[in-house]
Structures are given as C-alpha cells and as structure tokens.
Amino acid sequence: MKEEKFYIPKSYLTVQIVRDVMAEFEWPVSYELIDLIEDFQAVLIKFESCEIELEEIPDNGINLIFRSYNNGKELDAKYGNIIKYLDDYNPTEHLDLEYNTYTDPELDIITSVRNDMKNLQYYHMDFITGKDYSWAEKYLKDKNK
C-alpha cells in the first residue's frame, strides 16, 4: 500500500518577528504577545482593551483577525470582512507599503507583519486604545442580521 504524503508548509511567523517589527513603531498602550499554535502558526497581540491575531497563511502572507474589543467582547472579524466599515480606507494612498520578494519567505513574513503594523497604526489606533469601536459595532450588527 502506497503511503500518501501531505504538503506541510514551513512556518515563518514567530513571536520574535512580531516583537521586533512592533518595536519599530510607537504604541500608546501596553501589549503582550502570545504564541498560538493552531492549524497555522499565529501570534496574538493582546492590548489592554482588544486582541488582534496575526495568522500565517502558508505561502501567502498574514491574515489579520480582530478577536475581541471593548475589554473582552467577542469580535472574530477577519480584515477582509471589515474594510467596508472603515472610513476613507485607501492603504495604497495612505500607507508606505512594502512589497514581498517572493524569493525569501522569512523576509516576506517580516514585510507582511510590517505592513499590518502600518495598517494598525493608521486605521486602528482609536480601536486599539479603546476610544472608538464604531466599525466593530457596525460589523457585528450586519453579521448578526
């Protein structure tokens, strides 16, 4: 009987990479990084009032997921599902995004994390600091219809 072999991609996302990239930016609130071993490698950023997960998508970058808001209320919103609730969302115009090499997977993960941190800094600082959850409330209202 022939044994089936599954493709198991190498994971490059680590807490250390997230820590190093986040250190390049100023954060007005404290945070803790938690290593999550799930189906894919993931790192949870636990801020004082919300939790944001960076989940590695093998061979394709990072999936940004807003897990909770307002001191523990469940959100579980993937980034692609919330952009329509963000005012004036135009990352090409607003952010100095970096491009992946497609030849160095570890560097590409670092680049993806850095782009996500730029995104969080520009569009989500009021969410992170607990000042404004309006997009999250709109998202949940539509999700629960």
Side-chain angles (χ1 to χ4, degrees), residues 6-145:
F6 294 97
Y7 170 66
I8 301 174
K10 183 173 177 174
S11 179
Y12 295 93
L13 181 65
T14 66
V15 168
Q16 190 60 52
I17 285 174
V18 176
R19 180 178 293 114
D20 291 347
V21 173
M22 287 186 75
E24 298 172 14
F25 300 88
E26 288 189 35
W27 300 94
V29 293
S30 62
Y31 59 89
E32 175 186 0
L33 300 177
I34 301 169
D35 194 5
L36 301 176
I37 308 285
E38 298 173 344
D39 292 335
F40 303 108
Q41 179 62 38
V43 175
L44 184 71
I45 307 169
K46 188 172 184 167
F47 292 102
E48 293 174 3
S49 63
C50 67
E51 296 176 339
I52 301 170
E53 181 178 331
L54 298 160
E55 177 186 59
E56 184 172 3
I57 302 169
D59 304 324
N60 200 24
I62 301 288
N63 193 10
L64 194 61
I65 306 166
F66 292 81
R67 290 290 179 200
S68 69
Y69 75 109
N70 199 6
N71 300 309
K73 291 183 181 177
E74 185 175 319
L75 186 55
D76 288 331
K78 290 186 178 180
Y79 204 77
N81 296 332
I82 62 117
I83 57 176
K84 68 181 180 181
Y85 301 101
L86 302 175
D87 295 330
D88 196 29
Y89 182 75
N90 187 345
T92 306
E93 181 180 315
H94 298 146
L95 307 176
D96 181 22
L97 298 176
E98 300 172 36
Y99 296 97
N100 287 338
T101 65
Y102 299 105
T103 58
D104 184 341
E106 185 173 9
L107 181 58
D108 288 347
I109 285 295
I110 293 168
T111 299
S112 293
V113 171
R114 186 174 292 115
N115 285 341
D116 284 336
M117 294 308 114
K118 289 176 182 181
N119 191 316
L120 291 176
Q121 289 272 314
Y122 191 87
Y123 293 107
H124 300 285
M125 201 52 77
D126 283 346
F127 179 89
I128 289 169
T129 58
K131 294 178 185 170
D132 183 7
Y133 298 118
S134 58
W135 72 256
E137 291 161 352
K138 290 175 194 172
Y139 165 80
L140 286 172
K141 182 178 177 186
D142 285 353
K143 180 182 169 186
N144 296 324
K145 279 185 180 179

Original post:
Is the backbone N or O of R114 less than 3.5 Å from a side-chain atom of E24, with the two atoms forming a donor-acceptor pair by type?
Top reply: no
**OP:** Drop me the distance from I52's CD1 to K46's NZ, to the nearest 0.5 angstrom.
**Re:** 13.5 Å
**OP:** Could you tell me whether the side chain of W135 and the main chain of I82 form a donor-acceptor pair under 3.5 Å?
**Re:** no
Original post:
Can you list the residues that meet the side chain to side chain donor-acceptor pair (under 3.5 Å) rule with Y139, with sequence neighbours excluded?
Top reply: none
Subject >> H124 and F66 aromatic ring geometry - parallel, tilted or perpendicular at 30°/60° bounds >> reply: tilted
Original post:
With distance as the sole criterion, is a donor-acceptor pair present between the side chains of D108 and T101 under 3.5 Å?
Top reply: yes
**OP:** Return yes if some donor-acceptor pair links the side-chain N/O of N119 with the main-chain N/O of N115 below 3.5 Å, else return no.
**Re:** no
**OP:** Please name the residue in the list V18, V43, I57, I109 that meets the side chain to side chain contact (heavy atoms under 4.5 Å, CB included) test with I62.
**Re:** I109
Subject >> Qualifying salt bridge (charged side-chain N to carboxylate O under 4.0 Å, His left out) pairs, either residue in residues 135-145, two or more places apart >> reply: D142-K145
**OP:** Rounded to the nearest 0.5 Å, what's the gap from CG on D132 to CG on N70? Could you check?
**Re:** 11.0 Å
**OP:** Spell out, as yes or no, whether a donor-acceptor pair under 3.5 Å connects the side chain of E55 to the backbone of N63.
**Re:** no
Original post:
Nearest 0.5 Å, what's the CG-CE distance between L54 and M22?
Top reply: 8.0 Å
Original post:
Would you find a donor on one side and an acceptor on the other, under 3.5 Å apart, between the side chain of S68 and the backbone of E51?
Top reply: yes
**OP:** State the OG-CZ distance between S134 and F127, to the nearest 0.5 angstrom.
**Re:** 10.0 Å
Original post:
Knowing that exactly one of V21, I45, L64 qualifies, which makes a side chain to side chain contact (heavy atoms under 4.5 Å, CB included) with D116?
Top reply: L64
Subject >> side chain to side chain donor-acceptor pair (under 3.5 Å) evaluation trace for Y89 with H94 >> reply: CA-CA 8 Å; Y89 182 75; H94 298 146; over 6 Å; no
Original post:
Taking NZ, NE, NH1 and NH2 as the nitrogens, is one of them in K118 or E98 under 4.0 Å from a carboxylate oxygen of the other?
Top reply: yes
